[in-house]
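Take a look at the structure set out below.
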Amino acid sequence: QAVNEAGVERLRLDAVQMRGDKTLLIEANLALVATNEKLEADNAEVRAATKEIHSANKELLAANKFLRRENEALRGDKRAAQEGSEVLLSDNNALNESLNAANEEL
């Protein structure tokens, strides 16, 4: 009888311990669920920010492409202006030589 009562008491203590363990596991699970929800919300924010960065990057690439074309056009304009300037300088030198020759004749 005493052994049986001790066994029953032991089973009762085990049941109390199991209920405590179950409570701890439920609390831990709830904490994990809350953490998971927070991580999902953070992940959604990161995805949204990534989309914004990707969109801004596309705009920057397009602007860079435009600026490269403009820069190339300006280089062409600069070359044309330099060539025109060289022609004008040559014409000016020829005119100066003609004027100098005319002045010497006078």
Side-chain angles (χ1 to χ4, degrees):
Q1 183 76 23
V3 171
N4 197 19
E5 287 178 16
V8 169
E9 183 59 26
R10 180 69 195 141
L11 288 174
R12 194 175 297 123
L13 290 173
D14 287 347
V16 169
Q17 180 64 41
M18 285 181 175
R19 280 194 293 275
D21 291 347
K22 182 181 175 184
T23 300
L24 290 175
L25 288 172
I26 290 171
E27 289 172 355
N29 191 41
L30 290 173
L32 287 173
V33 167
T35 300
N36 192 40
E37 289 172 353
K38 172 77 170 97
L39 288 173
E40 286 175 356
D42 290 349
N43 203 18
E45 288 179 24
V46 168
R47 279 194 301 273
T50 299
K51 283 183 181 179
E52 288 180 27
I53 289 168
H54 182 68
S55 177
N57 196 32
K58 284 173 75 174
E59 290 176 21
L60 288 172
L61 287 171
N64 193 31
K65 189 175 181 180
F66 171 79
L67 289 173
R68 284 179 190 266
R69 283 194 305 263
E70 287 294 308
N71 197 21
E72 195 57 40
L74 288 173
R75 283 188 183 130
D77 291 350
K78 181 181 174 186
R79 279 192 295 273
Q82 285 174 334
E83 290 170 5
S85 180
E86 289 171 6
V87 168
L88 287 174
L89 185 60
S90 176
D91 290 350
N92 190 42
N93 286 338
L95 182 60
N96 279 338
E97 287 176 13
S98 292
L99 289 173
N100 285 338
N103 279 337
E104 286 179 16
E105 287 179 17
L106 292 176

Check: Do Glu5 and Val8 touch side chain to side chain, with heavy atoms closer than 4.5 Å?
Finding: no
Checklist line | Close side-chain approach of Lys22 and Met18, heavy atoms under 4.5 Å | finding: no
Note to self: To the closest 0.5 Å, what do you measure between CZ (Arg47) and CD (Glu40)?
What the structure shows: 8.5 Å
Checklist line | Side-chain donor/acceptor of Thr50 to backbone N/O of Val46, under 3.5 Å | finding: yes
Item checked: Leu11 side, atom CG; Glu9 side, atom CD - distance, nearest 0.5 Å -> 9.5 Å
Notebook entry, point to check: Among Arg10, Arg12, Gln17, whose side chain to side chain donor-acceptor pair (under 3.5 Å) with Asp14 holds?
Noted result: Arg10
Next item on the list: Dump the intermediate steps for side-chain contact (heavy atoms from CB on, under 4.5 Å) on Leu89 and Asn93, then the final yes or no.
Entry: CA-CA 6 Å; Leu89 185 60; Asn93 286 338; 4.0 Å; yes
Notebook entry, point to check: Under 3.5 Å, is there a donor-acceptor pair between the side chain of Asn100 and the main chain of Asn96?
Noted result: yes
Notebook entry, point to check: Does Lys51 offer a backbone N or O that forms a donor-acceptor pair with the side chain of Ser55 under 3.5 Å?
Noted result: no
Notebook entry, point to check: Measuring from Asn29:CG to Leu24:CG, what's the distance to the nearest 0.5 Å?
Noted result: 12.5 Å
Note to self: I need the Asp77 CG to Gln82 CD distance, nearest 0.5 Å.
What the structure shows: 11.5 Å
Note to self: Would Lys78 and Leu74 count as a side-chain contact (heavy atoms from CB on, under 4.5 Å) here? Give the steps.
What the structure shows: CA-CA 6 Å; Lys78 181 181 174 186; Leu74 288 173; over 6 Å; no
Next item on the list: Would you give the length of the straight line joining atom CG of Leu60 to atom CD1 of Ile53, rounded to the nearest 0.5 angstrom?
Entry: 11.5 Å
Note to self: Please determine whether side-chain contact (heavy atoms from CB on, under 4.5 Å) holds for the pair Val16 and Arg19, giving the CA-CA distance in whole Å, both sets of side-chain angles, and the decisive distance to 0.1 Å.
What the structure shows: CA-CA 5 Å; Val16 169; Arg19 280 194 293 275; 3.5 Å; yes
Checklist line | Glu72 side, atom CD; Leu67 side, atom CG - distance, nearest 0.5 Å | finding: 13.0 Å
Check: Can you tell if the side chain of Asp91 reaches within under 4.5 Å of the side chain of Val87, non-hydrogen atoms only?
Finding: yes
